[in-house]
There are 2 protein chains.
Amino acid sequence: MEKRDKILYAALELFATEGYNAVSTNKIAKYANVSEGLIFRHYKNKQGLLDAILEQAFEKVTVLYAHILMEQDPKEILRKAIVLPFEVDESEYHFWKLQFKLKWELEISGREKMQPFIDKLEWAFQELGYQEAKNEAELLNHALEGIAGGIIKQGFETQEPLKSFLLKKYNV
Amino acid sequence: MEKRDKILYAALELFATEGYNAVSTNKIAKYANVSEGLIFRHYKNKQGLLDAILEQAFEKVTVLYAHILMEQDPKEILRKAIVLPFEVDESEYHFWKLQFKLKWELEISGREKMQPFIDKLEWAFQELGYQEAKNEAELLNHALEGIAGGIIKQGFETQEPLKSFLLKKYNV
DNA sequence: GTCTATAGGATGATAGAC
DNA sequence: GTCTATCATCCTATAGAC
C-alpha cells in the first residue's frame, strides 16, 4: 500500500476510535509508520486529511443508500432501510463510527445527505396508507440511527433482536 | 457568583459547544474572566474540571428521571417518558448537549444511568400487554434519544411534531 | 482565594536534503 | 515521494507573591 493511503487509513482508524482533536499528526505518523512531514506534503494540513477521509466516506454512504433510493416497492424500501444498519460490513465499521463521532465532536451533521433517504421513507409510508407519513419516517429514522449507534458502541448482538422486531412491527 | 463556579459554568458551556479536547484551559480562563492558574487550584487539572461538571450533570439526570422511576401507572410512565425530551429547560441545554458530545467524543456512555429508565419502560409495556416489551422499550428509548439529539442539534421546532404523534401512537 | 510568571512538553506545520 | 531537523505556538500544570 502506498504511504499516502497508509496515512489515510491510520488517520481514519485513530479519528474513529479517539476523535479528531484527541489525535495528533505525530501519533498518526507513528501509527502509519511514516514521517510526520509526509502527512503535510500529501494533505496540506490536518484538516485536509480529515476532508480526504470524509470525501471517501461520502462516497460509501452514497453507494449504501443508492439501493434504497432506487427501490420502487414501498414495502421493500422499509425492509431495506430496517435491515441496513445490521448489514454494515465490519471493514466499514471505522467509517461509521467516525460519522457518529464527528456529528457531535465537530457538529458535522450529514443531515443533507440523509434527507433524500428520509424523504424516501416518507414516500413509502404514504404509499402504504400510513396517516402521518412524515412523522413515521422521522421516527423510524431516529430509531435506525439509534440502532446503528448501538451497534457501534455496544456491538451487533445488543441490537440484533430489534431487527426482526422492526420487520414484524412494520409488516415487511 | 464565586469564581470557582464561574469556571465551572464557563467550562460547561465551552465543552458543550466545542468539545472537551478542543477547548484549552486558557480559553476557559478567559471566558470565565479568571486567571488560568485558578482552574488548577480549584479542580487540580482539566480532567478534574470535567469530572466536577459530570457530577453535577449526574444529579440533574437523576432528578429528571426520578419522577418516571417512581410512577406506578404504566400509561403515565410512557406519557412522561415521551414528553420528557420536549420539556428540557433551556437553561439545562448545555448539560444535555455535553452528554451527547461526551458519549461520542470520550465514549462516556451513561448507559448504566439509563438502564433503570429502560427497565421501567419495559415494565410499563409489559403491564400494558405488549408482546415484546423489552424490544418496545429499547426502540422507544432509541427514538427518544434521537429526538433529544434532534432538539439539541436542530432546535425544538424540528422535533415538536413527533411529540403528539408519539403520544397518539402509544395511546397515552 | 486569586493573580502573575513561567516551566516543560506537545502540537501543527515548514524547509531542505536525498 | 520520503525523511530529518527544526520552528513558533500553544498546552497543561506548578510556584510563589499578594
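The sequence lines fix the lettering, A, B, ..., with proteins before strands; numbering per chain opens at 1. Keep in mind that this is a model prediction, so the values were computed, not measured.
Look at A:Ser35 and you won't find any side-chain N or O under 4.0 angstrom from OP1 or OP2 of D:dT4. A sub-4.0 Å separation between OP1 or OP2 of D:dC10 and a side-chain N or O of B:Ser24 is absent. An OP1 or OP2 oxygen of C:dG1 is reached within less than 4.0 angstrom by no side-chain nitrogen or oxygen of B:Lys3.
If you measure from atom CG of A:Asn21 to atom P of D:dC10, you get 16 Å, rounded to the nearest angstrom. Atoms CG (B:Asn26) and C1' (C:dT6) sit 14 Å apart, rounded to a whole Å. If you measure from atom CD of B:Glu36 to atom C1' of D:dA13, you get 8 Å, rounded to the nearest angstrom. Atom pair B:Tyr20:OH and D:dC11:C1' shows a separation of 12 Å (rounding to whole Å applied). Taking atom NE2 of B:His42 as the reference point, atom P of D:dT14 lies 15 Å away to the nearest angstrom.
A salt bridge does not link B:Lys163 with B:Glu160: none of the charged nitrogens is closer than 4.0 Å to a carboxylate oxygen. Using a cut-off of 4.0 Å between Lys/Arg side-chain N and Asp/Glu carboxylate O, A:Glu132 and B:Lys169 are scored as not salt-bridged.
Across the interface with DNA chain C, nearest-nucleotide mapping of A:Lys46 and B:Asn33 shows B:Asn33 to be the residue nearer the 5′ end.
Side-chain contact check for A:Gln159 versus A:Gln154: some heavy-atom pair is nearer than 4.5 Å.
Linking ILVMFWY residues whenever their side-chain heavy atoms come closer than 4.5 Å, directly or via other members, leaves A:Ile68 and A:Phe58 in distinct clusters.
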